[in-house]
Amino acid sequence: MEFRGYNPKEIEKKWQRKWEEDRVFYVKEEGKKFYLLEMFPYPSGKIHMGHVRNYTIGDAIARYLFMKGYNVLHPMGWDAFGLPAENAAIKHGMHPAVWTKNNIDHMRKQLKSLGLSYDWSREISTCEPSYYRWEQKIFIEMFKRGLAYRKRGLVNWCPDCATVLANEQVEGGVCWRCGSPVTFRELEQWYFKITAYAEELLQGLKTLKGKWPERVLIMQENWIGKSEGAECSFPIENGEGVITVFTTRLDTVYGATFMSLAPEHPLVIKLAEGTPCESAVKNFVDECLRKRLINKETTEKEGVWTGKCCINPFTGWKMPIYVANFVLMEYGTGAVMAVPAHDQRDFEFAKKYGLPIKVVVNPIDKFLKEEDLERAYEEDGILVNSGPFSGLHSAVAREKIAEFIKEKGWGRKMVNYKIKDWGISRQRYWGAPIPVVHCKNCGIQPVKEEDLPVILPENVIISGKGESPLKSVPEFVKTSCPKCGGEAERETDTMDTFVESSWYFLRYASPDEHNAPFDRKRVKYWLPVDLYIGGIEHAVLHLLYARFFVKVLRDLGYIDFDEPFLSLLTQGMVIKDGKKMSKSYGNVVEPDEIIEKYGADTGRLFILFASPPERDLEWSEQGVEGCFRFINRVWRTFFNIINIIKSSNGIKEERHEIMKAFHQTIKRITDEFDSRYHFNTAISGIMEFLNTLTSFLDRKNGKFEPQDIFALKEVAYHLPIILSPFAPYVSEEMWSILKEVDERAKAYPYVSRHPWPSYNPEIIAEEFINIPVQVNGKLRGIIRVKKDEEEEEVFRIAFSDPKIQKYLVEKKILKKVYQKNKILNIVVE
RNA sequence: GCCUGGGUGGCGGAAAAGGUAGACGCAGAGGACUUAAAAUCCUCUUCCGGUUAAACCCGGAGUGCCGGUUCAAGUCCGGCCCCAGGCACCA
């Protein structure tokens with residue numbers, strides 16, 4: 001076989017074409033399925049290293065599972081609606097649809113060059129009417145069930161994106177996309193009732209334990225924010241009604257000495273009206289709202305008296321009603337019973353305004369005195385000064401008092417969640433139209449199913465000025481009412497793009513289905529997703545929404561499972577010079593340039609080798625070069641072996657050193673794929689094997705025994721197979737060369753579709769093993785003994801070793817420890 | 001403030017279950033081949049100290065810090081420090 005140099009450019013193009021022509025990775029619904037999905041990209045223009053990492057990890061696993069005999073669904077598509085398309089339209093005068101399509105075409109080419117094993121026949125793009133049409137249908141069904149509704153309220157507003165944001169899209173007070181500080185607006189908006197599923201979304205997390213990263217589960221749990229407590233009403237003086245609070249600390253109710261209301265609480269102005277406090281209250285409320293609008297919040301507790309009081313029904317005390325800046329209208333009832341002795345915020349407030357502090361819970365081992373308190377005692381303890389409940393433990397008291405208020409009709413036990421309904425209205429053009437019309441007579445009416453999809457009109461003026469651009473298209477807006485046929489106007493808001501990504505994984509099962517969102521039978525076969533891979537940044541946003549959608553679709557009767565993603569792998573970021581790769585840092589490495597210079601195989605190998613998937617990956621050009629050198633070494637060694645084995649048949653010797661080393665390598669790789677996907681160690685295993693192999697070839701110096709030939713034949717056959725999940729192109733090329741000398745290979749046109757080899761444990765099993773010998777815990781020598789040798793004999797060998805003897809001269813042996821086949825420790829004085 | 005990760009050579013990282021710390025790769029040093037360079041191959045490479053012609057020799061220390069459990073700790077327990085991420089007045 002004549003040697004030729006490794007030429008990635010040539011071979012990568014060739015195999016890419018062949019895979020595509022023969023539809024090597026296309027799948028039908030037959031056999032044991034595995035649905036492997038990577039988060040689909042937003043078509044921003046070109047792929048970045050983060051994408052390459054995400055898809056390379058997924059591809060290695062998909063290829064392994066293919067070879068293991070699974071019927072692997074491994075699809076790719078485009079999260080194609082979104083703001084950047086509109087911004088590009090404003091900037092370059094290009095229509096968002098054209099901009100998006102161009103980007104998709106370019107990025108598809110880039111992905112293909114990476115050698116990813118996708119079933120491209122299932123490609124979807126969410127901006128196509130054939131996709132969003134079904135989203136509109138689902139919306140209408142949700143609307144009919146009250147799961148999609150419209151309400152007026154204070155919403156998050158990004159002044160830069162000129163649109164509304166969901167709570168999940170506000171990160172630390174700034175917009176998740178552009179980073180501008182978020183302000184508030186009072187608007188009428190569409191919402192999805194995710195709160196109706198709060199408890200189930202929380203409970204479902206338990207079923208994902210061990211299969212999703214712990215931190216993602218915790219982040220979702222915190223986001224849902226369940227707390228168990230009680231609702232309790234306090235009558236306002238002079239019979240002006242009641243104030244209802246939510247509390248988790250009903251055991252401290254005897255210590256409630258005043259009441260705090262949120263600035264937006266509807267009672268605030270009413271209570272203050274006509275009292276001397278009226279103008280102070282109004283000023284305070286205005287100032288609070290203004291501060292919120294410009295996002296200037298302080299931790300300093302401030303408030304003013306409304307001029308009114310309510311009564312603590314337990315003690316009969318008058319509780320002054322305050323309006324306070326730290327009380328949130330969005331949580332609970334917007335009113336808090338203040339217990340300064342047992343809540344730090346109330347404590348600070350009480351100290352500032354001279355309000356009474358009363359201890360009603362003591363720690364188990366001491367008595368607290370109000371005058372000594374430096375901060376609130378917030379732990380549970382034993383109740384005091386609490387009427388009939390004194391002496392009870394907090395936990396018991398909470399139950400008893402809850403029963404008591406229920407009997408009295410003052411309140412009841414209650415559960416509260418932090419999660420809010422998902423605001424999905426966006427005042428933007430490039431999104432799926434919300435399929436309803438507004439009729440003067442009939443109100444809000446869903447579009448008739450046969451009239452779907454409501455297609456986005458093409459001729460739109462996109463100003464980016466905050467009003468939905470669709471309002472500027474009269475032929476779109478003007479329509480007739482689906483109910484009465486009279487004049488009506490279409491809804492001009494579009495849906496949040498997170499709605500598309502909440503169900504796209506279902507569409508891949510049957511992307512060609514024209515009569516329904518998806519074909520139930522095929523969805524039943526493929527879904528749920530067995531392994532989902534993507535960035536941690538979607539821990540709450542996308543992953544929570546998708547879980548919600550699956551539960552909704554289940555309740556709408558479409559599917560019969562509860563969770564979309566059985567297991568989740570979150571990969572780390574790609575870092576360069578210690579910082580995230582980004583344009584603003586100027587440290588971006590273009591995937592295309594790496595492919596051009598070294599080939600996709602090298603890029604893939606480096607990404608998998610540089611660090612385990614879940615950790616951040618430090619980009620290193622020299623590291624890439626190292627991987628390129630490794631592939632070249634494999635290539636040369638492979639030619640070398642081919643030339644050795646082509647003439648002779650060899651004789652089988654299972655325990656040949658090379659066979660042994662090779663089977664160990666197979667085991668190492670297989671174990672990684674079957675457990676934790678740490679490909680860095682799997683690849684280092686292949687490197688180690690290659691080191692062993694080359695030093696063996698060197699040592700033999702061209703003189704090979706028939707046993708050697710047999711072993712090398714095995715290596716030549718299996719090396720392309722085990723390398724193929726990581727570096728598929730060069731593996732295919734090696735396979736095609738192998739075919740010229742090994743008949744067996746001819747049965748498989750593609751190494752990508754060759755069954756994964758199993759290793760033989762008997763070959764790996766060692767007859768003799770090395771046992772490290774320690775004296776007083778320090779390594780002093782290594783002895784070689786038969787595997788499973790008797791303890792007595794092992795010690796005999798150790799004691800007769802001169803190296804070890806040296807440390808035992810004239811020492812009294814206190815203890816001897818032997819861990820079978822592992823280690824030996826001799827303790828001396 | 002609370003919750004999660006994480007801290008191991010010059011660097012990326014190994015050590016999956018308490019048992020030889022530093023696999024593999026990068027960078028570095030030396031050597032072989034070559035007129036030369038590139039490429040390739042070989043050797044060395046945690047730190048400190050000692051013997052020595054040189055050491056593949058000897059001794060000691062070492063996985064953020066302090067302490068503990070154990071024959072044995074990067075790994076387990078307690079207390080702290082630092083870094084990254086998430087949540088952040090949630091009653």
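Lettering follows sequence order; numbering is per chain, from 1.
The distance between atom NZ of K418(A) and atom C1' of C2(B), rounded to the nearest whole Å, is 10 Å. Straight-line distance from the CG atom of N167(A) to the C1' atom of C90(B): 13 Å, rounded to whole Å.
Aromatic pair F258(A)/F349(A): ring centres closer than 6.0 Å. Checked against the 6.0 Å centroid threshold, F498(A) and W422(A) do not count as a close aromatic pair. Between F679(A) and F673(A), a ring centre-to-centre spacing shorter than 6.0 Å is recorded. Between F314(A) and W410(A), the distance separating the two ring centers is shorter than 6.0 angstrom. Checked against a 6.0 Å centroid threshold, the rings of Y417(A) and W223(A) do not count as neighbours.
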Taking N or O atoms only and anything under 3.5 Å, show me the protein contacts with nucleotides 17-23 of chain B, one pair per line.
unit_1: G19(B); atom_1: N2; unit_2: Q774(A); atom_2: OE1; d: 3.4
unit_1: A23(B); atom_1: O2'; unit_2: E688(A); atom_2: OE1; d: 3.3
unit_1: A23(B); atom_1: O2'; unit_2: E688(A); atom_2: OE2; d: 3.2

So which protein N/O to nucleotides 59-61 of chain B N/O distances come out below 3.5 Å?
unit_1: G59(B); atom_1: OP1; unit_2: Y807(A); atom_2: OH; d: 2.5

Write down the protein N/O and nucleotide N/O pairs, taken from nucleotides 42-52 of chain B, whose separation is under 3.5 Å; answer none if there are no such pairs.
none

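We find that R676(A) and E672(A) are joined by a salt bridge, their nearest charged nitrogen and carboxylate oxygen being less than 4.0 Å apart. Residues D343(A) and R375(A) are not paired through a salt bridge, judged by the lack of any N-O separation under 4.0 Å between the basic side chain and the carboxylate. Looking at R249(A) and D380(A), a side-chain N of the basic residue comes within less than 4.0 Å of a carboxylate O on the acidic one, giving a salt bridge. We find that E657(A) and R699(A) are joined by a salt bridge, their nearest charged nitrogen and carboxylate oxygen being less than 4.0 Å apart. Remark: E766(A) does not engage K787(A) in a salt bridge, criterion side-chain N to carboxylate O under 4.0 Å. In this structure, E399(A) pairs ionically with K413(A), as a charged nitrogen and a carboxylate oxygen lie closer than 4.0 Å.
For the residue pair Y545(A) / E168(A), a side-chain donor-acceptor distance below 3.5 Å is found, with atom types taken as modelled. When only modelled atom types and interatomic distance are considered, S227(A) and N416(A) share no side-chain donor-acceptor pair under 3.5 Å. Donor-acceptor pairing under 3.5 Å is lacking for the side chains of Y818(A) and N825(A). Looking at T694(A) and R633(A), their side chains do bring a donor and an acceptor atom within 3.5 Å of each other.
Judged by distance alone, with hydrogens and angles left aside, K301(A) brings a side-chain donor or acceptor within reach of the base of C89(B), the pair sitting under 3.5 Å.
The side chain of R636(A) contributes no N or O atom lying less than 4.0 Å from OP1 or OP2 of A39(B).
Nucleotides G22(B) and G28(B) have their P atoms positioned 24 Å apart, rounded to a whole Å. When the P atom is compared between G19(B) and C76(B), the two are found 11 Å apart, to the nearest whole Å. As rounded to the nearest Å, U45(B) and A29(B) have P atoms that lie 16 Å from one another.
The residue D671(A) sits close to a base: some heavy atom pair falls under 4.0 Å. Using a 4.0 Å heavy-atom distance criterion, V540(A) is classed as making no nucleic acid contact.
Set against G13(B), C71(B), C89(B), the side chain of V827(A) has C71(B) as its closest nucleotide. For I218(A), taking side-chain heavy atoms from C-beta onward, the closest of the listed nucleotides C87(B), U4(B), A91(B) is U4(B).
Each of I536(A) and T248(A) lies near RNA chain B, and the nucleotide nearest I536(A) is the one positioned closer to the 5' end. Comparing K667(A) and S227(A) by the nucleotide of RNA chain B whose heavy atom lies nearest to each, the residue mapping closer to the 5' end is K667(A).
For the segment residues 612-626 of chain A, residues with any heavy atom less than 4.0 angstrom from an atom of RNA chain B are, sorted by number, P612(A), R615(A), D616(A), Q622(A), G626(A).
Residue pairs meeting the salt bridge (charged side-chain N to carboxylate O under 4.0 Å, His left out) criterion with at least one member in residues 612-631 of chain A, sequence neighbours excluded: K597(A)-E621(A).
With F795(A) as the aromatic partner, K816(A) meets the cation-pi criteria of under 6.0 angstrom to the ring centre and within 45 degrees of the ring axis.
The glycosidic torsion of G74(B) lies more than 90° away from 0, placing the base in the anti range.
With pairs defined as Watson-Crick or G-U wobble and both atom distances under 3.5 Å, the stems of at least three pairs that touch RNA chain B come out as B:1-7 with B:81-87, B:10-12 with B:24-26, B:28-32 with B:40-44, B:46-50 with B:57-61, B:64-68 with B:76-80.
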